[in-house]
Number of protein chains: 2
Amino acid sequence: MSFNYEKNVHTEPGAEVAIFEAYLRERGLKLTQARRDLLNVIFSDHGHFTADDLYDRCRRAGLRVSKATLYRTLIILIDCKLLVDHDFGQDAKYFEHCYGHRHHDHMVCLACRGITEFRSEELERLQDHAAIELGFAPVRHSTTVFGVCAGCASGERGRQVLEEARRAVASSEAAVENQA
Amino acid sequence: MSFNYEKNVHTEPGAEVAIFEAYLRERGLKLTQARRDLLNVIFSDHGHFTADDLYDRCRRAGLRVSKATLYRTLIILIDCKLLVDHDFGQDAKYFEHCYGHRHHDHMVCLACRGITEFRSEELERLQDHAAIELGFAPVRHSTTVFGVCAGCASGERGRQVLEEARRAVASSEAAVENQA
DNA sequence: GTCCATGCAAATGCTTTGCACGTAT
DNA sequence: ATACGTGCAAAGCATTTGCATGGAC
């Protein structure tokens, strides 16, 4: 069993620009300043961000981009596989750039909302296996573990979340017992 | 390795009513006709539904409930663990009642949008294990496999989805190569 | 010069809320 | 009688879109 906490090392800066340019050219789309700026800001840091986070990062960098253009550009970047979006069941979608990064899964801390990436080959295999066994042709999958991260486990909010979870498990087990 | 396609057998009809009533009483909330109706409709069939699906089912059954009350009731049912919500990355949330049902994962067909449940003990263990190994206290997890179901694999839309996926994999592998 | 892209504001679509009236306890 | 619940319509929010102007090619 091997886990693999992948550091966000971006090994060949600039490659994403080439890919983006090629994609745009290929479809008669234009490489504008707004698109260049957004690509730069997105690739200047590998983290998980919402559309709003990105908007703020742009403004802080002194770049003026409208939300409309921002959303339109996100769609293009997802289309050319430079970006993926995740739905962690919160209000807004999360994005992360993925060029040169293998698929990975996420852990979301219920206390601090922090996101940690992990990867398990075993998990990957099992999910495909499960799908195939049910006559399903797997295309992609998404696994998210919600819990409390090491940093939060001893804090107020962390304890609170864990306590609440313990109570929930107890009552749901009782329910399953009743049904059996 | 054992998978387990759980049939949606509701073994003890009525138990959910008792739980709901107890929950309401305990907090000084009232058991109204609207709440009774919604609970009935929801438990009359174990499927995955959106708020809108539920609204339609109510109307078809000749019951008048407003969307507002419907949403307010869904919140209560989630709170008392009779219902869970899933976010499959589409516009609206999906709900399913869960009393007496163990946790399970989902496969979503990208062609027909159909949802199949499955459960793998191995997968459950692995996810917890992965979390713990990273100092994370797991509370719950969510795994969704997206792909094409057996029924759709030979159809127009199914083939299309699979072909598109093949192309995507090819280009992303090329990207990872470049980075290495 | 031709399209495509941009910004703005208005529109969407799901979900939530304020309010005056109705009803379970 | 006293909350709490309900429906309606309006508000919220993230995201999308129509349109006139601006910019890449």
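Residue numbering restarts at 1 for every chain, and letters A, B, ... go by the order of the sequence lines. What you see is a predicted model; the values in this text were computed from it and never measured. The figures here come from the full heavy-atom set of this structure, side chains too, leaving out hydrogens, waters and symmetry mates.
- In this structure, of D/dA24, D/dT15, D/dT6, it is D/dA24 that holds the atom nearest to the side chain of A/K30.
- Whole-Å rounding puts the B/L31 CG to D/dG5 P distance at 11 Å.
- Distances were taken from every side-chain heavy atom of A/Y71 (C-beta onward) to each of D/dT15, C/dT25, D/dG7; the shortest belongs to D/dT15.
- Rounded to whole angstrom, the span from the CD1 atom of A/I75 across to the C1' atom of C/dA5 amounts to 14 Å.
- Between A/T69 and C/dG7, a side-chain N or O to OP1/OP2 separation shorter than 4.0 Å is present.
- B/R167 and B/E164 are not joined by a salt bridge, as no carboxylate oxygen comes within less than 4.0 angstrom of a charged side-chain nitrogen.
- B/H86 and B/F88 have parallel rings, their planes meeting at less than 30° on a 0 to 90° scale where 60° marks the start of perpendicular.
- In this structure, B/L70 places its CG atom 16 Å from C1' of C/dG13, rounding to the nearest Å.
- In this structure, a donor-acceptor pair under 3.5 Å is present between the side chains of B/Q127 and B/T143.
- Looking only at atom types and distance, the side chain of A/H46 has a donor-acceptor partner in the side chain of A/E117 under 3.5 Å away.
- Regarding B/F20, its CZ atom lies at a distance of 12 Å from the C1' atom of D/dG5, rounded to whole Å.
- For B/F95 and C/dC14, the CZ to P distance is 12 Å, given to the nearest whole Å.
- Across the interface with DNA chain C, nearest-nucleotide mapping of B/K67 and A/G28 shows A/G28 to be the residue nearer the 5′ end.
- Between the OH atom of B/Y94 and the C1' atom of C/dC14 there is a distance of 13 Å, rounded to whole Å.
- Distances from the side chain of B/L29 to the nucleotides D/dG7, D/dG5, C/dC4 place D/dG5 closest.
- Between A/D85 atom CG and D/dT15 atom C1' the separation is 13 Å, expressed in whole Å.
- The side chain of B/T32 has D/dG5 as its nearest neighbour among C/dA5, C/dG7, D/dG5.
- Listed in residue order, the members of residues 34-41 of chain A having a heavy atom less than 4.0 Å from DNA chain C are A/A34, A/R35.
- The side chain of B/A92 sits closest to C/dT15 out of C/dG7, D/dT16, C/dT15.
- Classification of the A/H104-A/H106 ring pair by plane angle, with boundaries at 30° and 60°, yields perpendicular.
- B/R72 comes within 4.0 angstrom of a nucleotide base, judged by non-hydrogen atoms across all strands.
- For A/D53 against A/H48, the heavy-atom pair with the smallest separation is OD2-O, 4.4 Å.
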- Item | Check against salt bridge (charged side-chain N to carboxylate O under 4.0 Å, His left out), B/D52 and B/K67 | CA-CA 8 Å; B/D52 244 50; B/K67 287 255 175 86; 3.4 Å; yes

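- One can place CZ of B/R27 at 19 Å from C1' of C/dA24, the figure rounded to the nearest angstrom.
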